[in-house]
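The block underneath contains the structure these notes are about, expressed in structure tokens.
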Amino acid sequence: MQAHHDEYVFGWDPTPGIVSVWANRQGRVLYWRRVRDEEGNERVLCVRDRFRPWILATSLDDVSHLGSDLVEEGRGGTSRTVWYRELQGEEGSYRFLLSAFDGRTLEQAILEGASLRLQRAVKTVQELPDAYYRVGPVEQYLIGSGRVYFRGLHYDDLHRLQFDLETTALDPHRGRIFLIAVRDNRGLAEVLEAPHPEDEKRLLQTFCQLVRERDPDILENHNLFGFDLPFLEHRALIHDISLDIGRTGFDGAPMLLERYEETLAIGPEARKRTRYSVGGRELIDTLDAVRRHDFVVRALPSYGLKDVARYFGLASQERVYIEGSEIFARYQREPERVRRYALDDVSEVDGLSKRLQGAPFALAGMAPRRYERLASAGPAMGILEPMLVRAYLRRETALPGSGQRVLSGDLHEGGAVRLFASGVARNVVKADVASLYPSLMRTFQIGPSCDRLGVLLSILDRLTDLRLEQKAAAREAVPDSIEANHYEATQAAMKILINSAYGYMGAGSMALFADSQAASEVTRRGRAILAQVLQALEKRGMVLIEADTDGVYFAVPDHWNAEQEQRLVAEIGAELPAGIRLEYEGRYQAMLSHEVKNYALLTYSGELIVRGVALRSSRVEPFGERFLLQALRCTLLGDISGVRNAYLETVDALRMKRLPAIDVATRVRLSKTPEEYLAQRKKHLEPAYEALLQAGRRKWFPGERVRFYRARNRQYVWIPEETAETATHNDWEQPPGNANELRDRRDYDTEHYIQVLKNSYAKRLQKAFTPEDYHALFSNEQPGLFDGIFERPLECIQPILKREETI
DNA sequence: TCGTTCCGGGG
DNA sequence: GTGTACGGAACGA
């Protein structure tokens with residue numbers, strides 16, 4: 001059985017070093033292997049192969065019209081033959097594997113038969129989803145052969161090339177490419193240029209030639225699919241040249257860039273996006289990787305390359321920054337600086353790739369799909385399902401038909417988020433159930449009822465064990481070594497799959513192995529486990545604060561130490577069903593619970609952790625944020641006069657103009673062009689644009705970030721960025737004031753900012769106090785000694801914890 | 001002012 | 001050729 005498990009996870013064919021696969025509907029395949037010869041020189045071999053294109057059918061009805069051209073598999077045939085193989089499975093399941101020498105012959109036969117059967121013209125197989133199950137040519141080949149990408153390779157073995165276009169505008173109709181920075185992880189760093197419009201064609205040709213010469217396995221950039229490739233494609237069209245950046249195809253010529261539309265379900269609606277593909281190389285957009293990363297972590301300030309590179313600590317000290325709209329103008333005056341800027345871009349892309357592509361790399365060693373697809377595929381439908389299909393065909397077993405899926409179950413509610421108390425609590429502990437849903441599936445053997453072979457649970461079991469091994473191996477390896485990164489990436493890939501197993505069952509009618517009853521059984525048991533934990537805590541006198549699907553914050557008695565807390569968690573964990581592990585996550589000296597998922601924690605080492613938007617300001621004026629962090633810390637420490645002082649000091653600093661303008665300024669991103677803004681200005685004034693106009697600027701581009709503050713009489717003052725990187729004087733009529741002088745001005749609207757302090761920063765501490773205490777703490781009156789603003793002295797104010805809900 | 005829609009990125 | 005979403009800002013009544 002173990003052998004099956006490993007085949008389910010990794011396929012079975014041992015071919016090492018596959019770095020790209022290209023297959024078409026005629027059953028022709030090229031794949032490229034990266035190998036080393038005896039002397040250790042690396043080479044890329046191109047291998048030609050064939051496969052017989054296949055499709056799965058629930059019956060032979062549509063192909064019976066073929067007569068003697070319909071033949072059982074194992075017997076010979078001609079180019080017109082359609083073969084069938086019967087898999088184990090009941091009526092209604094996809095139990096006939098149809099194949100032909102050419103996929104088009106196969107489809108033609110099916111469409112003809114279906115048209116006869118339905119008495120209407122059937123144009124595509126997609127019109128018959130209940131009757132046929134089909135995957136793309138590369139997937140057919142990988143599923144049939146048991147091959148996967150990258151066997152025996154480490155991430156650094158891949159030859160990756162990054163390139164970045166610099167253009168005169170964002171829109172290829174209005175601008176052109178004047179520079180392309182190219183680097184790879186084999187030592188290349190080069191800048192190709194076209195100072196004049198007539199040079200652009202040559203530039204494109206040189207670029208294609210360079211790519212072919214370097215012959216990388218992977219092409220990478222940030223927003224590759226959204227910007228660089230469409231731009232390249234459009235400019236190539238204008239110059240009437242082809243973008244031959246692929247590896248050599250069947251006819252001996254380099255393969256061209258191809259485009260296709262992809263439907264993505266982002267949010268509730270489906271949206272289209274254009275994808276590109278090229279033979280022999282995998283196209284990787286680091287923007288996809290960044291989105292996927294942040295989907296879990298939710299910590300990135302923006303998805304822009306520069307911001308993300310800084311976030312990951314990839315930006316170098318000497319990194320050149322230039323505002324997007326200034327790049328071309330800057331290039332004309334200071335070309336060397338723009339060259340450095342563009343090379344910084346590609347090297348940050350390389351850094352991002354190293355940091356984020358490990359998991360998709362590891363997934364490509366498991367699932368039967370192209371690496372480039374796995375890099376952006378959804379984990380359930382895009383990765384797990386192809387693995388399930390591969391396993392079923394390997395076992396000669398039919399896939400469940402639409403009738404076998406279970407879609408009826410009541411829509412599972414998932415795990416509720418609950419707020420038991422708001423305000424300030426001390427001695428707080430976080431505990432949660434490790435991998436709750438996958439653990440429940442394993443413990444209670446809850447899988448899709450239509451998964452007759454139990455493949456999903458097998459894969460889940462095997463991945464869970466393998467992941468523990470990988471994690472152990474990662475811990476043993478030299479930190480940050482190639483091996484450590486490899487193990488770490490593999491365990492991360494496995495985690496992605498493990499976590500998607502539950503979601504897959506509830507994915508609805510599109511999932512082949514959907515079982516929404518099983519999915520709701522998982523959430524039902526999950527809720528029961530959580531309820532058991534909550535009751536156990538309450539029974540022992542703990543104060544519940546907040547709970548979500550698989551975790552809980554609660555307060556323990558005052559004098560408790562970490563050992564006692566751990567013992568409590570272990571004790572309650574021991575009462576849970578075997579296989580369900582309650583983990584002690586951490587302890588905090590205090591917590592401000594604001595709303596569900598919005599709280600601040602103070603660790604015993606004094607670190608302040610703020611979670612959720614409600615406790616962060618969206619405007620981030622520096623003075624307000626400083627105040628909030630200080631006030632939160634004081635509140636959590638019980639230092640009430642510290643809170644009052646922070647407030648009074650901030651008010652006073654504003655009144656006395658001790659704060660420079662930069663401290664009250666906010667920074668926003670422009671979205672309107674000058675024309676658009678001027679057209680609507682009569683109706684509605686917007687501070688950011690007013691600030692620019694006030695400074696005499698008449699030209700700007702959407703996307704620019706503008707820092708400004710509010711001065712008296714509703715005047716808005718623009719503070720240009722300190723680097724002066726943006727300063728090209730043709731953009732405004734009168735030269736701007738000195739940025740340093742502006743940053744230090746004191747003519748801001750004091751009363752306005754005091755209101756902001758009160759209404760948008762102090763507000764966030766409201767739950768920590770009784771209404772009377774809150775108003776007393778944040779009143780602007782400096783109390784005289786005896787005028788009784790405080791009903792009781794400040795020292796008597798204590799933070800409160802208010803019960804919101806009971807279990 | 002409130003709901004509703006759109007966007008996120010790239011030069 | 002498939003299957004994330006949520007917070008903030010802009011927009012429209």
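Here is the naming used below: chain letters follow the sequence lines, and residue numbers restart at 1 for every chain.
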Counting heavy atoms not belonging to A:Arg714, are there more than 12 under 6.0 Å from its CZ? no
When the P atoms of B:dG9 and C:dA10 are considered, how many whole Å apart are they? 14 Å
What is the distance, rounded to the nearest whole Å, between atom CG of A:Leu224 and atom C1' of B:dG11? 15 Å
Starting at atom CG of A:Asp164, determine the distance to atom C1' of B:dG9, rounded to an integer number of angstrom. 12 Å
Categorize A:Asp288 for me: base, sugar-phosphate, or nothing, with a 4.0 angstrom heavy-atom threshold over every strand shown. nothing
Under 5.5 Å centre to centre and under 30° between planes: does that hold for A:Tyr260 and the six-membered base ring of C:dG1? yes
Give a yes/no on whether any side-chain N or O of A:Gln126 is located under 4.0 angstrom from OP1 or OP2 of C:dG1. yes
Rounded off to whole Å, could you give me the CZ-to-P distance for the A:Arg174 and B:dG11 pair? 16 Å
Stepwise, does the side chain to side chain contact (heavy atoms under 4.5 Å, CB included) test hold for A:Arg291 with A:Tyr303? CA-CA 7 Å; A:Arg291 286 198 184 112; A:Tyr303 295 170; 3.7 Å; yes
Taking the side chain of A:Tyr303 as its heavy atoms from C-beta onward, which of B:dG10, B:dG9, B:dG11 lies nearest to it? B:dG9
A:Ile327 has a side chain; which of B:dG11, C:dG3, B:dG10 sits nearest to it? B:dG11
Please report, rounded to the nearest Å, how far the P atom of B:dG8 is from the CZ atom of A:Arg291. 9 Å
Please report the distance separating the C1' of B:dG10 from the corresponding atom of C:dG3, rounded so that it comes out in whole Å. 26 Å
When the ring planes of A:Phe328 and A:Phe178 are compared, do they come out parallel, tilted or perpendicular, using 30° and 60° as the limits? tilted
Lys/Arg N to Asp/Glu carboxylate O, A:Glu107 vs A:Arg104, below 4.0 Å: no
Can we say A:Asp344 and A:Arg339 salt-bridge, meaning some charged N sits less than 4.0 Å from an Asp/Glu carboxylate O? no
Base, sugar-phosphate, or nothing: which does A:Gly304 touch, judged by heavy atoms less than 4.0 Å apart? sugar-phosphate
Any idea which of B:dG9, B:dG10, C:dG1 is nearest the A:Ser302 side chain? B:dG9
Toward the 5' end of DNA chain C, by each residue's nearest nucleotide, A:Pro379 or A:Val135: A:Val135
If you check the A:Asn223 side chain, which of C:dG3, B:dG9, B:dG11 turns out closest? B:dG9
B:dG8 versus C:dT2 - spacing of their P atoms, nearest Å: 25 Å
Rounded interatomic separation in angstrom, taking CG from A:Asp344 and P from B:dG11: 13 Å
Is there a side-chain polar atom (N or O) of A:Arg330 under 4.0 Å from OP1 or OP2 of B:dG11? no
note: A:Leu170, atom CG; B:dG11, atom C1'; distance rounded to Å ~ 4 Å
Within the structure, does a side-chain N or O atom of A:Arg134 lie under 4.0 Å from either OP1 or OP2 of C:dT2? no
How is A:Arg259 classified with respect to the nucleic acid when contacts are heavy atoms under 4.0 Å: base, sugar-phosphate, or nothing? nothing
Shortest side-chain distance from A:Arg373, nucleotide among C:dG3, B:dG10, C:dG1: C:dG1
Separation of C:dG1 P from A:Ile55 CD1 (nearest whole Å): 9 Å
Using a heavy-atom cut-off of under 4.0 Å over every strand shown, decide if A:Ala377 touches base, sugar-phosphate, or nothing. sugar-phosphate
So, the side chain of A:Arg370 versus the backbone of A:Ser20: is there a donor-acceptor pair under 3.5 Å, distance only? no
Protein-nucleotide distance (A:Phe225, atom CZ; B:dG9, atom P), rounded to Å: 18 Å
When all nucleic acid strands are considered with a 4.0 Å heavy-atom cut-off, which category describes A:Gly136: base, sugar-phosphate, or nothing? nothing
